[in-house]
Amino acid sequence: MHPVRKQRLLVVLFIVVATSVAAALVFYALRENMNLFYPPADIQAGKAPIETSIRAGGMVKEGSVVKSPDSLRVDFVITDYQADLQVTYTGILPDLFDEGQGVVVSGKLDVTGLMVASEVLAKHDENYMPPEVADALKNKPEAK
Amino acid sequence: MQFESFTELWHMAGHGPFVWASYAITLSVIVFLIWLPVQQRKAFITEQKRLQRIAAHEDKSSNNKES
Amino acid sequence: MWTWFHKLGSPKWFYDISGKLLNFMAPVAALLLIVGAIWGLLYAPADFRQGNSYRIIYIHVPVSVLSLSGYYIMAIAGAIHLIWKMKLAEIAMRSAARMGAGLTFLALVTGSIWGKPTWGTWWVWDARITSELVLLFLYLGIIALYEAYDNKVSASRACAVLALVGTVNIPIIYKSVDWWYSLHQPATIKLTQKSSIDPSMFYPLLIMIVGFYFFYGVALMLNMRTEVLINERKTRWVQDIVERA
């Protein structure tokens, strides 16, 4: 390779390496802020601010959903299997909201540790299958 | 075939608007990305043909002057 | 040893070979996309949780994959242009920027449309979606930067540097769902493990991904061919093509 080209190759490599290092440092500094939501364990540990708009995410605990009979109010618990968070929400839930499924809720924590949600988003997983396959999996004894 | 009728295919149990809108937008962008270079090529060829004609014309007139 | 590489940079050689490739690739791309779309829309089963809205996967995943891998094509072309001053590489870089902008736009729009019925929102500022938006701005930035310069030699050099700098965003987009808590789910198709999608839904997806790769090749070459003609307009072989057209 021609020495001039070799030198230009080094410049190109330098650009890529330098920006990667810069980006790595930025993301290292921002690492907490890059998260969309807090898991319940972090909220229980007091890492989330109170009375400030935040997001929390986790699984809706089985059997925890209580729907109010005369309003759109729903109470449920989200969990990351280490800690639980009680959530209350008034509004229309997304279609995919269900017990045992992931959600991301945005709202404010009150002093008692209750999350008053203003928005509930369903978080789905990366699994896709036809309903018959899902039923077959559910009925198999070894699959939970 | 997953759908019994065209109306069922169109509605997709309420998800039709989302699914069909996605496919329609994708189709238009695909067509645009193909059309754009083809169009530019056409414009280029038209322009160059014009220049060739002018050049041929100038050649002729300068030849005429010389003779 | 480098002669083949320099031959690759010959515009006329590229024009001839790409013309032959297009005759074969364009019908393959059209066939794959039509078969994949019909299979995905009509014959693939509905998802057990999302119902029919998941059918957007057959375009969302291919265009998103290409918006990322297309960036590498652009950045590598930019590097070749910087190192060897190869005109064809510069043309490839700018064509890839145009393709990338279109595909990234599609990835964001189809993702947004898919988000509404599944997540319950059109848009959320999570790491995956935000970094993909940055990708769109990078592509658009490269297009705009080229237009902003009057001196096209410095323009293409600046674009190549910006393309290289932006490369850092690609692994971030790819790994964002694993590194941070996000609303977007992790990857479905895995290289090292079994994919978490049923085969009856996976085959049309595979066809669509391959089909979109072919489409990318076709549209990229069409773009490059037009640019090559414009660039080489003073040469004999281009004037011959004009005469014959």
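Residue numbering restarts at 1 for every chain, and letters A, B, ... go by the order of the sequence lines.
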[atom1] ([X]) with more than 12 external heavy atoms under 6.0 Å:
X      : atom1 : result
C:D150 : CG    : no
C:F105 : CZ    : no
B:K49  : NZ    : yes
C:W237 : CH2   : yes

Could you go through the side chain to side chain contact (heavy atoms under 4.5 Å, CB included) check for C:N223 and B:R41 one step at a time?
CA-CA 9 Å; C:N223 254 304; B:R41 184 199 160 96; over 6 Å; no
Below 4.5 Å from any heavy atom of chain B, which atoms of [X] appear? Answer side chain, backbone, both or neither.
X      : answer
C:V109 : side chain
C:Y43  : both
C:Q50  : backbone
C:R98  : both

Are [X] and [Y] side-chain neighbours, meaning at least one heavy-atom pair lies under 4.5 Å?
X      : Y     : value
C:Y58  : B:T26 : no
B:V19  : C:Y54 : no
C:R233 : B:F44 : yes

C:N52 side chain vs B:M12 backbone, donor-acceptor pair below 3.5 Å
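Checking the backbone N and O of B:M12 against the side chain of C:N52, a donor-acceptor pair under 3.5 Å is found.
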Does B:Q40 use its side chain to pair, donor to acceptor, with the backbone of C:T226 at less than 3.5 Å?
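Here the side-chain-to-backbone pair does not exist.
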Hey, which of B:L9, B:T46, B:L51, B:L33 has the most heavy atom pairs under 4.5 Å with chain C?
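That would be B:L33.
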Could you tell me the separation between the [atom1] atom of [X] and the [atom2] atom of [Y], rounded to the nearest 0.5 Å?
X      : Y     : atom1 : atom2 : result
C:I57  : B:S22 : CD1   : OG    : 12.5 Å
C:F215 : B:I34 : CZ    : CD1   : 5.0 Å
C:I230 : B:E47 : CD1   : CD    : 10.5 Å

Heavy-atom pairs under 4.5 Å with chain B are the metric here; pick the option from [options] that has the most.
options                       : answer
C:T110, C:L222, C:I241, C:L42 : C:L42
C:K116, C:E243, C:M99         : C:E243
C:S112, C:G51, C:S53          : C:S53
C:A44, C:S95, C:G102, C:A26   : C:A44
C:L41, C:V218, C:V63          : C:L41

Can you tell me which portion of [X] sits under 4.5 Å from chain C's heavy atoms? Options are side chain, backbone, both or neither.
X     : result
B:F18 : both
B:F32 : neither
B:Q2  : both

